[in-house]
Structure formats: structure tokens, C-alpha cells
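Here's the structure we're looking at; comments come further down.
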Amino acid sequence: MDKHQQQQLSLAKCSRQKYSEWIFRDVPSDITIEVSGGTFALHKFPLVSRSGRIRKLVAEHRDADISRVELLNLPGGAEAFELAAKFCYGINFEITSSNVAQLCCVSEYLEMTEDFSKDNLGSRAEEYLESIVCKNLEMCVEVLQQCENLIPLADELRIVSRCIDAIASKACAEQIASSFSRLEYSSSGRLHMNKQAKREGDWWIEDLSVLRIDLYQRVMTAMKCRGVRPESIGASLVNYAQKELTKKSSLWNPSSQTKVDLISTGHERLVVETIVNLLPVEKLAVPITFLFGLLRSAVMLDCTIACRLDLERRIGSQLDVATLDDLLIPSFRHAGDTLFDVDTVHRILVNFSQQDDSEDDMEDASVFESDSPHSPSQTALFKVAKLVDNYLAEIAPDANLKLSKFMVIAETLPTHARTVHDGLYRAIDIYLKAHQGLSDSDRKKLCKLIDFQKLSQEAGAHAAQNERLPLQAIVQVLYFEQIRLRNALCCSYADDDHKPMHNSWRISSGALSAAMSPRDNYASLRRENRELKLELARLRMRLNDLEKEHVCMKRDMQKSHSRKFMSSFSKKIGKLSIFGHSSSRGSSSPSKNSHRTDSRVIERTCASTD
């Protein structure tokens, strides 16, 4: 026996105790009505004078002199029938928002219409519903609550639809009135909206949170059609979700990883999927923390794939406002999996990258403006790159995190998203420290993600002494540190005519000056591109010498101690003419033959570039 049936039985017992107070005691009963387990000893005449259904039943069994009638599936049960019987006997009672839906349905069931009696129960209930309930939002919500157990009859009588339309209209009117109240004149005499004033048109949000999910969905859909603000719709969804999903679980605590009791997951799954379908299409209509909370719930409750993909797409479109705690989605699959759900985060990053690319493709401005670091998409890229680096550092100590998953997260964003690689270097160093069993090839593959030209001076000094990095990576670090040192020495010279070719070892990202015209910017970029390609040709020639010296260093490694090797290594680096001339007075310039070879390579490179 379910809870609803128990309530009906308890109401039937109460009815048996109370109906004797208003029934005619001096006239013996000639008919017994059974409703939902309760019995009512009544009289035929008052009933048949108002109820067409009971009149037909009595007329059909006139010969048998029927004395007992069972009314099956009567809406509202014994409580509703008692009110209908009171009306038949002429006993006064008050029609309220808590019983008007039952009265409408029971009058329809018993056929208590104007066809059988004037001013019957049906017309009285309808009049109260139209003139009183539909003009008050709180009453409409209460009637909808009563209709939860009266569907589908309440739908057929349009009780639900009328209340929903009334709620949507009332909420829309309240918001319009609230908007007008926030209008004010500025000091210049212009009319504008005061955004700091408190919005008073959203008081209905708390009232709607008591509705069942199917009725709540219909109300929200009607509000969208009526033009209620997306921010108000979002605030209502947040309030409803927090009430429904935090009753038995801790889905909204990002640091909590306790699994919920799966007994009532069916209802919670329905709530999550319904709320996701109701989310406004506008960005930032709901906080991104709420979207991540829904995503955690969807993963935990095993919601549909479409539901999760929709949330991932919405999160990806505004990932630049997310925090590290938002991205730390616990893994709920099995014990051998990673601590955090890396696959979901990867899909979110893919959505962000695709959304960023599509926005760039649809940009009407020129290529200079779309590539500018000051454009919104570029700013979002910088923020997300920093967020991803912090996320990689957080998940790196996980022993179950495979190298492929770590690398796919790091490689999702485009190369120009990171102007500084300190965060990525830190995350890779943590991963190498936690996974010391990696092979040399895997360590080299991992370190290729780092652009050592984009390391800061502190990170470069740390990387130069990091024994966890492969030798090839350390060589690159030392090489670029030598370039940094040379540039610092060259910049200290007072002679302005002698300008070094390497203006900075950190290559410019292509930022354009706002004071220059697009044509001047384009010419400047072409000159910078030509200079960089000339310098690249010189570096290729010098790297050939460096590779030869690297072979010799490997032989020395096998013979000498690591300290002796590093000492020898630094001496050999000092002897190499990497930069074309030495910063010290005693060093010699490169040979003429080498200079001629460089000139030929540079000329060929320039010719191919032009």
C-alpha cells in the first residue's frame, strides 16, 4: 500500500467520524456510498437532485431498489466526496484555493452541472477559479499543487493550463512593473535604468520551488514564451535544483566525493535532465559553478549522453570565467580509474577551442583585429591556458593518470594560447616527479610540449638544474639562457649603432599597436617576419656545430663523473661561437668561410621568403 492510499484511508476514517455531525439523524439512510475505502450512509433524494451520475445509477437499478453504490476512482477521494455531499445537503462550507481543484474534478465526476440543478457545485467552483484564483499567483501555485494527484482530469478541465498561464502573465507583469520602478533620470536629464536598485519582480521564484518537476517544467516553458528575463529563469532553475538535489545528496560541493544513495536516483535524474532542457540559451544566465554542479550530478546519476554533452557545450562557451575547483570533477566510474574525470574536462576544452575558432571565423573585422591579444577571444584563451596549467598541476600526482591523457589535455589549446610556459613546465615537472618510471622516450615526448623560449628567468634557472628533465631539454634550456645572457650584455653597451640581431629570446606574439594603421602594422609584421627568418637561418648553421659537440659530450659522460661532466659541458659551451661573435674581448670571430656560407644561406632564405 503506497503513501497516497494510506492518506485516502485516513481521510475516509475522519470522514466517517465527521459526516454524522451534519447528516440527518432523524431520517433513516436509504443509500450507502463507498469511496476509497470509506462509507457514507446518506439519502437518495438530496444526492439525485444535484448529481447526474448518482441519478443515473439509481434510475438504472430502480427495480432492484439499490441501496449501496461504490464510486471507483473518484478524484480527491473521500475528502472531496464529503464536500460534494455537503453541497447536496445544503450545508455551507468555504471554497478555497486548497480545495477548488478537487471540487472542480469531483463535480465533473459526479456530473454536478447546470443541466441537473441551478447554481450547482461545478459552476460555483469554476467561478471561484476564474475570478479569485487566476488573479493571484500564490493561489495558482497552491492549486497546481492540488492538481498533482488530479491529473489527467485536471488537464482535461484546463485547470492546470489556466493556472500556468496566469502565473506566467503575472510574473511577466511584475517584471515590467519592477523595470519601470527602476527607471530614473541621470544628471544630464537622460532616462536610464538603475542597475544597482534591487529587483523586486522575482519574488515568485521561491513560490515555484514547491511544484512537482513536470508542472514546474510547464510553468517555466510558459514564462519563456511570455518573455520573462533569462536571468530570472536562471535564478529560478538554480533555486529549484538546489532544493530538489540537495535533500539527500551533496552534489553541489565541489570538494566532496561521497557517492549518493542510489535509491532515489530516478527522480534526481529526471530533475537534472529537465533543468538542463530548461536552461536559457543566453550566456551567463546562470552561474558557471551551477553548470558544473549540474554536470557532476549528470555524471554521478548517469544521465543521458545528450544531457551531458549539452552541459559540456554550455560550459565550454564560457570556460574563461571558471575556476580550478570547478574543473576538478570527481571520477565516479570504478576504483582503478583516475581521481578526477579527465575525459569530461578534455571534451569541455575541445568545445571551448571549437567555439573560439568559430567566433574567429565569424568575425567581421580584419585579421589584425581578430589576432589582437586585446580581443575578447584572445583574452579568454590566456585565461583558459592558465586555468589548464593549474589543472594539469593538480591532477599530475595521480598515479593512475596515463601519459596520453595528460598530454591530450596539455595539447588541446592552440600554441598561441600560452605566452609564458612556466605553468606548463611546473605541471610537467610534478608529473615527472610522481611518475619516475617513465622511459626516456616518454620523458622526451612530454618535454616537447614545453617551449623553453617562453620560460621566465626563474623557471629557466630551475629547469637548467632539473635532473628529471632529459639531457636534450637541458641543452635547450642552457642554449636559450646563453642567448638571454648575451642579450643582456649587448643591451648594456652604450654604442647604439651596434644593435644585436637577437632583440629578445622570447618571440613577440604579434601584438599590434593601437596607434598604428593596419597597413603600417602589416608592413611592420613583414619586416619582423623577414628578420626572424634571417635569424633562423643563422641559428640552423650554429646548431650544426652544437650537434657535433653534443656527440662529443656523450662520450665524455661515460668517462667522467656528473659534476666533471657539467664543468666540461659549460666550458665547451663557452668555446662555441653560437652567436656569431663573443661578448669577451679575447674571443675570436668566426672564419671567413663560415661567414660566406651563412651569407649564402641567408640570401637563399630571403629569396624564398619574398
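No hydrogens, no waters, no symmetry mates; every other heavy atom, side chains included, goes into these values.
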- Query: Side chains of Arg212 and Gln145: closer than 4.5 Å at any heavy-atom pair?
  - Reply: no

- Item | Pairs satisfying salt bridge (Lys or Arg N to Asp or Glu O under 4.0 Å), at least one member in residues 146-155, at least two apart | Asp155-Arg218

- Query: Considering the options Glu244, Lys243, Gln242, which one meets the side chain to side chain donor-acceptor pair (under 3.5 Å) requirement together with Ser209?
  - Reply: Lys243

- For the residue pair Asn120 and Ser107, establish whether any side-chain heavy-atom pair is separated by less than 4.5 Å. no

- Message: Just to verify, what does Glu130 make a side chain to side chain contact (heavy atoms under 4.5 Å, CB included) with, not counting sequence neighbours?
- Response: Arg162

- Query: Is any side-chain N of the basic residue among Asp343 and Arg347 closer than 4.0 Å to the acidic one's carboxylate O?
  - Reply: no

- Item | Under the salt bridge (Lys or Arg N to Asp or Glu O under 4.0 Å) test, residues paired with Arg308 that sit two or more places apart | Asp302

- Item | Listed once per pair and sorted, the salt bridge (Lys or Arg N to Asp or Glu O under 4.0 Å) pairs that draw on residues 91-110, sequence neighbours left out | none

- Query: Can you tell if the side chain of Leu57 reaches within under 4.5 Å of the side chain of Val48, non-hydrogen atoms only?
  - Reply: no

- Item | Tyr240: partners by ring-ring contact (aromatic ring centres under 6.0 Å, His included), with sequence neighbours left out | Tyr216

- Query: Would you say the side chains of Ser97 and Glu142 form a donor-acceptor pair under 3.5 Å?
  - Reply: yes

- Task: With sequence neighbours excluded, give me every ring-ring contact (aromatic ring centres under 6.0 Å, His included) pair touching residues 301-325.
- Result: none

- Task: Give the minimum heavy-atom separation between Asp119 and Phe87, together with the two atoms involved.
- Result: O-CZ, 3.4 Å

- Message: To check you understand the geometry: which heavy-atom pair defines the closest contact between Ala417 and Phe382, and what is its length?
- Response: O-CD2, 3.2 Å

